[in-house]
Amino acid sequence: MRLGRIDHETTANVGVISGGLAGNIVPERCSVTAECRSHSPEKLEAQCRHMVEAFRAAAAEAGAEAEIEVEVSFEPYAIPEDAPVVRRFQAACGTLGFPVSLNATGGGSDNNILVRHGIAGIVPACGMTDVHSTAETLAVRDFADTARLAERLMILP
């Protein structure tokens, strides 16, 4: 199964594998939770299909059955760099002297749902490092600057 960074738009991961009652007993069932993400709907569909086929083939090879549920947690989106929400963000950063870098991410947020319902938005970064790891950190200064940016976005005409 292709996992990890598939290409510049697509990632895939097996995050949870569980099953069995004890170390010396062959489990009757095994549960696997995996995910794939992509900025490209076509690549996302292809990766998902690949993963499903790999699970089915592995189960068949072992003489087992695979019951697979595919769930769409969020859909990819792109906000144009000239969109009003981006221009507003750039203006707010400019008044505070913050540098602006516009980057696509592979993450999911409430914004995926808002965009799907026609509400254009972006997700500003807040200076975190090693995100979603046991080493995740956020400097107090970056936290305070994020609050200043949020305030500026609220009061900007």
Side-chain angles (χ1 to χ4, degrees), residues 1-81 83 85-86 89 98-151 153:
M1 183 182 297
R2 292 184 312 266
L3 297 172
R5 175 61 73 181
I6 307 303
D7 60 37
H8 73 284
E9 294 181 299
T10 311
T11 60
N13 181 50
V14 174
V16 178
I17 302 172
S18 62
L21 300 172
N24 64 341
I25 301 171
V26 176
E28 181 181 346
R29 300 180 64 81
C30 176
S31 174
V32 177
T33 302
E35 72 161 9
C36 55
R37 302 175 184 211
S38 182
H39 294 285
S40 163
E42 296 78 19
K43 290 179 180 180
L44 180 61
E45 174 61 32
Q47 179 64 26
C48 182
R49 188 173 47 256
H50 161 73
M51 293 172 78
V52 167
E53 290 168 0
F55 278 119
R56 289 193 199 286
E61 185 178 319
E65 260 184 60
E67 297 175 20
I68 299 173
E69 294 179 32
V70 175
E71 176 184 316
V72 176
S73 298
F74 56 86
E75 297 172 6
Y77 69 90
I79 303 296
E81 289 189 16
V85 68
V86 176
F89 174 75
F98 295 167
V100 176
S101 175
L102 303 175
N103 302 299
T105 70
S109 72
D110 294 346
N111 203 51
N112 293 75
I113 296 166
L114 294 172
V115 169
R116 191 173 69 218
H117 290 286
I119 302 168
I122 61 173
V123 180
C126 61
M128 294 172 67
T129 61
D130 300 314
V131 179
H132 298 316
S133 76
T134 57
E136 180 177 293
T137 60
L138 173 61
V140 172
R141 179 184 175 99
D142 290 334
F143 188 62
D145 283 347
T146 301
R148 291 176 51 217
L149 176 59
E151 177 184 44
L153 286 166

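Numbers here are sequence positions counted from 1.
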**Steps toward side-chain contact (heavy atoms from CB on, under 4.5 Å) verdict (V85, I79)** = CA-CA 9 Å; V85 68; I79 303 296; 3.9 Å; yes
**Message:** Set out, in order, the CA-CA distance, both residues' side-chain angles and the distance that settles side-chain contact (heavy atoms from CB on, under 4.5 Å) for S31 and V16, then state yes or no.
**Reply:** CA-CA 8 Å; S31 174; V16 178; over 6 Å; no
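The shortest distance between side-chain heavy atoms of M51 and C36 falls below 4.5 Å. L102 has its side chain within reach of V86: a pair of non-hydrogen atoms, C-beta onward, lies under 4.5 Å apart. At a threshold of 4.5 Å between non-hydrogen side-chain atoms, the residues L149 and L153 count as touching.
The shortest non-hydrogen separation linking C48 to V70 is SG-CG1, 3.7 Å. The shortest non-hydrogen separation linking G121 to V115 is N-CG2, 4.1 Å. Residues L44 and P76 come closest through the heavy atom pair CD2-CD, 4.4 Å. Closest approach of P124 to F89, counting heavy atoms only: CB-CE1, 3.8 Å. In plain terms, the two heavy atoms of H50 and R2 that are nearest each other are NE2-N, 2.8 Å.
Taking NE2 from H8 and OG from S38, the interatomic distance works out to 8.5 Å, rounded to the nearest 0.5 Å. Once rounded to the nearest 0.5 Å, the distance linking OG1 of T11 with CD of Q47 reads 8.5 Å. Expressed to the nearest 0.5 Å, how far CD1 of I119 lies from CG of D110 amounts to 11.0 Å. How far CD of E67 is from CZ of R56: 10.0 Å, rounded to the nearest 0.5 Å. Residue I122 holds its CD1 atom at 8.5 Å from OH of Y77, rounded to the nearest 0.5 Å. One distance of note links OG1 of T129 with CD of E136; it measures 8.0 Å at 0.5 Å rounding.
Atom CG of L21 has 12 or fewer heavy atoms from other residues, nucleotides or ligands within 6.0 Å.
Using modelled atom types, one side-chain atom of N112 and one backbone atom of E75 make a donor-acceptor pair closer than 3.5 Å.
No side-chain donor-acceptor contact under 3.5 Å links S109 and N111.
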